[in-house]
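What follows is one structure encoded as structure tokens, with my remarks underneath.
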There are 2 protein chains.
Amino acid sequence: MYHSAMPEPPLRPPMRQAILDAAIDTFARNPGASLSEVATRAGVGRASLHRHFASRADLIAAASGQCMDEIDAATAAALKDARTARDRLSRMLEAVVPLGDRYHFLVSEIVDDESVHKRYEDELDWLGHLADDLKAEGVIAADVPRSWVVANIDAQTWLAWSEVAAGRLAPAHAADLALRTLLEGLGP
Amino acid sequence: MYHSAMPEPPLRPPMRQAILDAAIDTFARNPGASLSEVATRAGVGRASLHRHFASRADLIAAASGQCMDEIDAATAAALKDARTARDRLSRMLEAVVPLGDRYHFLVSEIVDDESVHKRYEDELDWLGHLADDLKAEGVIAADVPRSWVVANIDAQTWLAWSEVAAGRLAPAHAADLALRTLLEGLGP
DNA sequence: GCGGAATGATACATTTATGTCTCATACGAG
DNA sequence: CTCGTATGAGACATAAATGTATCATTCCGC
């Protein structure tokens with residue numbers, strides 16, 4: 001074992017990451033949960049949590065950023081070779097459905113942080129353009145309001161993850177159902 | 001005016017009702033809101049609130065019951081002369097969409113109260129049977145899982161109200177879109 | 001093994017919500 | 001008009017969460 005210095009990420013994932021994960025998990029289930037619960041779930045003392053995140057708001061802002069990073073990364077990878085808008089929708093669903101808990105966290109937390117809020121607006125904007133493109137392709141009927149399309153994409157994403165999380169559907173099946181519901185439900 | 005004892009509800013709606021309405025409104029927006037906020041929105045003192053509802057849990061349980069009563073009444077009236085399952089779905093949407101805030105309250109609050117919980121289960125059960133009937137009528141495809149249908153009816157109801165509350169759609173239009181999305185999206 | 005940094009446990013002060021209580025007042029029935 | 005009741009305002013005690021500080025211990029690099 002001569003070359004032990006492999007480019008691995010920190011062997012013991014830093015505590016910060018464990019806390020963020022625990023926060024996302026905990027707050028997604030119960031937005032009013034206490035920091036003690038988060039610390040406990042992370043397997044960390046409450047004091048240590050405060051060493052990494054000065055305040056509750058700090059933690060939530062950081063967790064939101066983390067969620068958006070993960071979602072952005074997943075969608076960016078999935079959208080790489082999508083040519084049509086329909087393809088983009090399909091691949092985005094497949095990519096995001098497994099991240100439903102991250103997604104749910106963002107929805108359940110009202111984020112005060114400005115930069116987080118801006119990213120969220122951008123995300124909605126992106127969905128709006130996707131809706132426009134879907135209409136232009138004739139995949140979605142022209143008389144369906146843009147906001148209805150956007151809201152439905154959001155809702156079906158969340159629904160699909162929800163069914164997966166409840167153990168009622170397999171991830172691929174759920175993403176399929178979401179896509180089908182969207183295309184048939186809003187199609188011409 | 002000899003027969004003054006008409007079966008009118010209390011002429012000055014009792015404070016209890018104002019508090020319940022304020023609670024539903026407040027908690028639907030922010031499940032973590034304080035009782036002070038509720039009292040203020042109801043236009044009453046916090047002490048008076050406690051005279052009618054001993055604890056926060058009491059208030060939430062009562063508000064939940066109230067919501068369910070209203071939803072039950074609205075749907076019962078709407079379903080009176082619905083012959084097909086498709087009719088039931090359509091009329092239910094029209095009846096419940098305007099009550100979206102009541103509906104949202106029930107979803108946003110985790111209800112501990114046992115009787116409320118039971119009524120909620122019954123409601124889900126009813127939706128499940130509706131889904132079965134819709135499938136039997138051939139309005140909804142047989143290969144769509146029951147839970148997906150139920151979850152989607154829930155989601156579309158909430159979506160429609162949401163768009164109405166945001167001022168983006170008229171109530172009738174929103175209910176129509178919800179019905180269409182369901183029938184086309186889950187149809188054979 | 002040593003020494004510094006990070007952690008866990010604990011105590012503490014502060015804040016906020018909750019629930020109870022009292023008292024003065026306003027309101028309505030008689 | 002008067003009495004009883006309900007209300008509003010506020011004081012109060014309690015509980016819980018938050019944020020800070022301290023100290024002993026553990027862990028890691030050296």
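Convention: sequence-line order gives letters A, B, ...; per-chain numbering from 1.
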May I have the distance from [X] (atom [atom1]) to [N] (atom [atom2]), rounded to whole angstrom?
X: A:Arg51; N: D:dC27; atom1: CZ; atom2: C1'; answer: 14 Å
X: B:Leu59; N: C:dG19; atom1: CG; atom2: C1'; answer: 14 Å
X: B:Arg56; N: C:dG19; atom1: CZ; atom2: C1'; answer: 13 Å
X: A:Phe27; N: D:dA17; atom1: CZ; atom2: P; answer: 12 Å
X: A:Ile19; N: C:dA6; atom1: CD1; atom2: P; answer: 14 Å
X: B:Leu35; N: D:dA15; atom1: CG; atom2: P; answer: 18 Å
X: B:Leu49; N: D:dG8; atom1: CG; atom2: P; answer: 10 Å

inquiry  = Counting the atoms with a prime plus P, OP1 and OP2 as sugar-phosphate, which does B:Arg46 contact under 4.0 Å by heavy atoms, base, sugar-phosphate, or nothing?
reply    = base

ask   = For A:Gly43, which contact category applies under a 4.0 Å heavy-atom criterion: base, sugar-phosphate, or nothing?
value = sugar-phosphate

query = Taking NZ, NE, NH1 and NH2 as the nitrogens, is one of them in B:Asp113 or B:Lys118 under 4.0 Å from a carboxylate oxygen of the other?
reply = no

note = By nearest-heavy-atom nucleotide on DNA chain D, the more 5' of A:Ala47 and A:Glu37 is A:Glu37

request  = Using modelled atom types only, decide if a donor and an acceptor are shared between the side chain of B:Ser108 and the backbone of B:Phe105 within a distance under 3.5 Å.
outcome  = yes

ask   = Atom CZ in A:Arg180, atom CG in B:Asp143: separation rounded to 0.5 Å?
value = 5.0 Å

remark   = The single option from A:Arg88, A:Arg86, A:Arg83 that satisfies salt bridge (charged side-chain N to carboxylate O under 4.0 Å, His left out) with A:Asp133 is A:Arg88

query = Mapping A:Val44 and B:Ala33 onto DNA chain C by nearest heavy atom, which one lands closer to the 5' end?
reply = A:Val44

ask   = Is there a side-chain polar atom (N or O) of A:His52 under 4.0 Å from OP1 or OP2 of C:dT7?
value = yes

query = Any idea which of D:dG19, C:dT7, C:dC23 is nearest the A:Met15 side chain?
reply = C:dT7

query = Taking the side chain of A:His50 as heavy atoms from C-beta outward, which of D:dA17, D:dT20, C:dC21 is closest to it?
reply = D:dT20

ask   = So, B:Trp126 and B:Thr75: side-chain donor and acceptor under 3.5 Å apart, yes or no?
value = no

